[in-house]
Amino acid sequence: MAETNINLAAGARSWRWQTAVLIGLVLLLAALPLLANMLGMPSLISLATRIVILAIAASSLNLALGYAGLISFGHAAWYGIGAYVVGILYRHFVSGEALLGLPIGSDQLLITLPAAMLITGLCSGLIGALALRTSGVQFIMITLAFAQMIFFFFVALKAYGGDDGLIIRRRNELPFVDLRENENFYWLSLLIAVVWILLLSRIVQSRFGAVLTGIRQSEPRMAALGIATYPYKLVAFILSGMGCGLAGALMANHARFVSPDMMHWTQSGEFMIMVILGGAGTLLGPAAGAAMLILLEMQLGAVTEHWQIILGPLLVLMILFWRGGLSGLWRQMMGTRHD
Amino acid sequence: MILLIEQILNGLQLGVTLFLLASGLTLIFGIMGVINLAHGSLYMVGAYAMAFVAMKTGSFALAFPAGVIAAGVVGIGVEYLVVRHLYARDHLDQVLATFGLILFFNQAIILVFGRQPVFVQIPESLSGSVQLLPGLKYSLYRLVMIGVGLASAVGLYWLITKTRLGMLIRAGASNRDMVRALGVKIGGLFTLVFGVGAMLAGLAGVMAGPILSVQVGMGEQVLILTFVVVVIGGVGSVRGAFLGALTVGMVDTMLRAFLPGMLREMMTGPSADAMSAGLSAMGVYVLMAIVLLVRPHGSAGAHG
Amino acid sequence: MTEIVLDVRDLTKSYGGLKASDHLSFQLTRGDIHAVIGPNGAGKTTFIGQVMGDVRPDHGSITFAGQSLNGLSTPQRVRLGLARTFQIPRLLKEQSVEDNIALAVQARQGHSFLFWSAVAQDRSLLDPASEIMRRSALSARAKVPVALLSHGEHKQLELALALALRPQLLLLDEPMAGMGPSESRAMVQILLGLKGQVSMLLVEHDMDAVFALADRISVLVYGRIIASGTPQEIRANAEVRAAYLGEEG
């Protein structure tokens, strides 16, 4: 009993530590544009924006992959659809043409982001409802195949650029904030990322999250407890798809360009790598994994244009020998037990 | 009518190519429990090795076996170095490690052969066409492809149902411990099966080489189509892979052949062509969705 | 007035040529501990699987508390008041004992589409969970990850999870398997303490435990019940002795 209390106290202490470190980290990230400008490296801001947006996508995939154990190899589809919602709405805003008879073009971020999440939610709900009829290796293959189907759909969609994609001439507007300033767009993306990750952290600690964790560890056990797992898996799949849609919508604004390449199957693979690199089933691991993968690709890219010939084997070695990812390392440093 | 028969033959030809890939993929999964994304890379290796030897020697008699053997050797190397360590891991680790292999193989090919597609002529002795019916001439090479593919299917069926190795494969798919108890070195069996799967993939790549352009990324396109085949046919079932491959080959070919004409009748303008190209590419995935709705666990029984 | 809580009629299930259940009929009286014994491969686990809905029978009917179970999924059956333990423990190994039991309590309380409040501070889950841990002698291990528990503790937790569902009928698949003598005795005591509160179908190889616990015993051989009766009747039955008890000693 005494031992348990000591463990609990140590747990609480390290929890306070971690909270302090995290708040410090967010403040540091918020100060990054100022530092970048001081150092005369404004391109850092754009890089950081990319990382923050991909962190949203990776954290969202983590809900399905890391917590519920749903190995989706198709999340780039949701990322791409979110981006296309922004692109298509902007296109109609500029041209004034109706879409399916409705006058719904928009360049307002407060409309386009929720619209992107809504549409990706619907699409991932539809595909998820089908794909979740299977499990295991079939689920991996099916999510990959359906994402490829969506990829082909947008390649064929000549009305919106087909292969070439869509250019968004100006970022979406937000009242009182000029998003054309890169600093402002970075801060907005950071704010959205922090809010989204906090939201995910509530979800995984809730009753719903407890069910997801259970599903990953033993589906027969969940059935024996009287829990029909399908609806929970579907909701997790939809939520995680919506998060990727949100990330895609932000990326469309950041890059001011969308194309089917965003939903290429290798992008799905990269999202998975981010999650594993950082640590599946941990709160901040995937965000750290996103940063690590982007920086790694940049560093390797500076060495050789054939950097994938290094990244590939590196990935193999990491899977074979380095379990737990960055967050495993973090836990060792903070001296907390695995839970 | 002539056009239809021609397209049926084309569908058959795509079908046997997919079968060569799907049977290896599904055997490897059924027996070792490993999902191998790099299976498409072995297809690519086969095609490039064939193209390389054909360019250097001008001899297809050398180039074709070389491609198959190269894929087999690379496959066994991959099994020994990487895949062997993934048998006890979960599917996620297998997917990511073999994804890493794809990145490696694609870049390695780019380093050696460049990004430009390599074109290989159809061997002269097979370059003609055959008068199948009055008014129907069909490429001899494609006919040979279909023949080789079907012969491979028969050979595989014989191997699995009639030989001791096949007995072990079937037993291993349902119960690994039992095979171990029979005193078989399971590691050796696994390597052998992986090698056979790799050679089948290589054979598919070798045969497709002269009618497609040999290029980086060819493996992944066909891999994803192979996944559709395996999902439709049922994971682990070679018979299912055969039926699934022929179905996907037919459906894909028919849509590509006849959808543009149908769409052009319904709508005008250049967008019809682009749209039909996209829609016919989506067709097999819609087929997969329908199969999932009707039979979530695939259309054929396991281990046929 | 005795009530039949579980009524199985003519249950048939075959795998290829092997008959796991062969026109199996079985009645369990409410409040009883009814043991099912038989040699390995007699179809005991398949029988439990069919009652729980994991295995679909080829033929036959299963009625629980007057309601037909045919066509219902496992979760639906659990909601009606069935619960089981697994012969090979199926637990959430990364979670603590308390997490596992709290999840079972949560499952009993209804749907889990609640996204905001943290489970770890939810008294409506933790209080019942700690009560169950106390009764199952697991309180001292509350915060320990399940992966670190002993085999005997896994078996205890299996039972605790089933009890957390407050079932009317408990299906116990070899609860003593792999346990040492003292652990077995402790499990017998726990089950005796539950006697009368919950009906039990007990599949077990430990004959001491079976004869200590059971009100009735049915003997299952090759998918068929060859004898059914009180422990005294079964002990006296020559056919049973020949088929099963004699070999086991």
Side-chain angles (χ1 to χ4, degrees), chain A residues 65-66 69 71 73 126-127 129-142 144-159 162-163 264-266 268-270 272-273 275-277 280 304-321 323, chain B residues 25 29 33-35 37 81-82 85-86 89-108 110-111 220-221 223-228 230-231 234-236 270-271 273-286 288-290 292-293 295-298:
Chain A
L65 182 99
I71 307 177
F73 207 145
L126 192 69
I127 298 293
L130 278 172
L132 287 168
R133 289 167 67 89
T134 67
S135 58
V137 69
Q138 288 210 48
F139 183 77
I140 303 174
M141 295 180 181
I142 279 167
L144 177 57
F146 275 129
Q148 191 75 356
M149 175 184 88
I150 294 168
F151 172 81
F152 281 129
F153 174 77
F154 280 95
V155 168
L157 204 59
K158 287 289 180 214
D163 249 346
H264 197 257
W265 70 280
T266 50
S268 295
E270 287 201 17
M272 294 168 86
I273 295 172
V275 173
I276 300 307
L277 208 57
T304 163
E305 66 165 314
H306 302 290
W307 51 272
Q308 286 187 343
I309 208 164
I310 306 171
L311 183 67
L314 213 56
L315 190 60
V316 173
L317 289 175
M318 197 195 79
I319 297 293
L320 291 185
F321 300 111
R323 316 297 299 274
Chain B
L25 195 76
F29 181 76
V34 164
I35 171 171
L37 294 188
L81 288 175
V82 179
H85 310 286
L86 296 171
R89 298 294 189 82
D90 57 23
H91 294 325
L92 183 59
D93 282 357
Q94 296 167 356
V95 162
L96 289 173
T98 51
F99 180 72
L101 287 176
I102 293 182
L103 296 182
F104 171 78
F105 279 116
N106 281 350
Q107 272 316 308
I110 288 174
L111 264 178
E220 289 83 73
Q221 279 173 10
L223 175 80
I224 296 175
L225 218 49
T226 304
F227 279 178
V228 175
V230 172
V231 166
V235 175
S271 61
D273 285 340
M275 195 155 164
S276 57
L279 289 182
S280 43
M282 286 170 66
V284 292
Y285 303 101
V286 175
M288 179 180 78
I290 294 168
L292 273 181
L293 272 177
R295 303 191 66 160
H297 302 295

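These numbers come from a predicted model, not from an experiment. In what follows, chains carry the letters A, B, and so on, assigned in the order in which the sequence lines appear, proteins first and then strands, with residues in each chain numbered from 1.
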### Query
Of the backbone (N, CA, C, O) and the side chain (C-beta and beyond), which part of A/F73 lies under 4.5 Å from a heavy atom of chain B, both, or neither?
side chain

### Message
If you apply the rule side chain to side chain contact (heavy atoms under 4.5 Å, CB included), what do you find for B/L92 with A/M272, and how did you get there?
### Response
CA-CA 9 Å; B/L92 183 59; A/M272 294 168 86; 3.6 Å; yes

### Query
Taking all non-hydrogen atoms of both residues, which atom of A/E305 and which atom of B/Q107 are closest, and how far apart?
O-OE1, 4.4 Å

### Task
Report the distance from atom CE of A/M141 to atom CZ of B/F29, rounding to the nearest 0.5 Å.
6.5 Å

### Task
Please flag which part of B/I102 lies under 4.5 Å from any non-hydrogen atom of chain A: side chain, backbone, both or neither.
side chain

## Note on the structure
When rounded to the nearest 0.5 Å, the distance separating CG of B/L86 from CD1 of A/I319 is 8.5 Å

### Summary
A/T266 meets the side chain to side chain donor-acceptor pair (under 3.5 Å) criterion, sequence neighbours left out, with A/H264

## Note on the structure
Cut-off 4.5 Å, heavy atoms of chain A, and the answer for B/L37 is side chain

### Message
With ring pair (Phe, Tyr, Trp, His ring centres under 6.0 Å) as the criterion, how do B/F227 and A/W265 come out once you've worked through the C-alpha distance, each side chain's angles and the decisive distance to 0.1 Å?
### Response
CA-CA 13 Å; B/F227 279 178; A/W265 70 280; 9.1 Å; no

### Message
For A/I140 versus B/H91, what's the shortest heavy-atom pair and its separation?
### Response
CD1-CB, 3.6 Å

### Query
Once you round to the nearest 0.5 Å, how far does CG of B/N106 lie from CD1 of A/I309?
10.0 Å

### Query
chain B heavy atoms under 4.5 Å from A/I310: which part of the residue, side chain, backbone, both or neither?
neither

### Query
Top residue by heavy-atom pair count (under 4.5 Å) with chain B, among A/L144, A/L315, A/I273, A/I142?
A/I142

#### Entry: Distance (rounded to the nearest 0.5 Å) between B/I224 CD1 and A/M149 CE
13.0 Å

### Selection from A/G136, A/A145, A/G269 maximising heavy-atom pairs under 4.5 Å formed with chain B
A/A145

### Query
Pick from B/A289, B/A281, B/G283, B/G100: which one has the most heavy-atom pairs with chain A under 4.5 Å?
B/G100

### Query
At what distance, to the nearest 0.5 angstrom, does CG of A/L130 lie from CG of B/L293?
5.0 Å

### Summary
Output for pair (A/H306 NE2, B/L111 CG), nearest 0.5 Å, gives 4.0 Å

### Summary
Taking every heavy atom of A/L320 against every heavy atom of B/L81, the minimum-distance pair comes out as CD1-O, 4.4 Å

### Task
Under the side chain to side chain contact (heavy atoms under 4.5 Å, CB included) rule, what do A/V316 and B/F104 come out as? Steps first, then yes or no, please.
CA-CA 10 Å; A/V316 173; B/F104 171 78; over 6 Å; no

### Message
Tell me every residue that passes side chain to side chain donor-acceptor pair (under 3.5 Å) with B/H85, counting only those two or more places apart in sequence or in another chain.
### Response
none

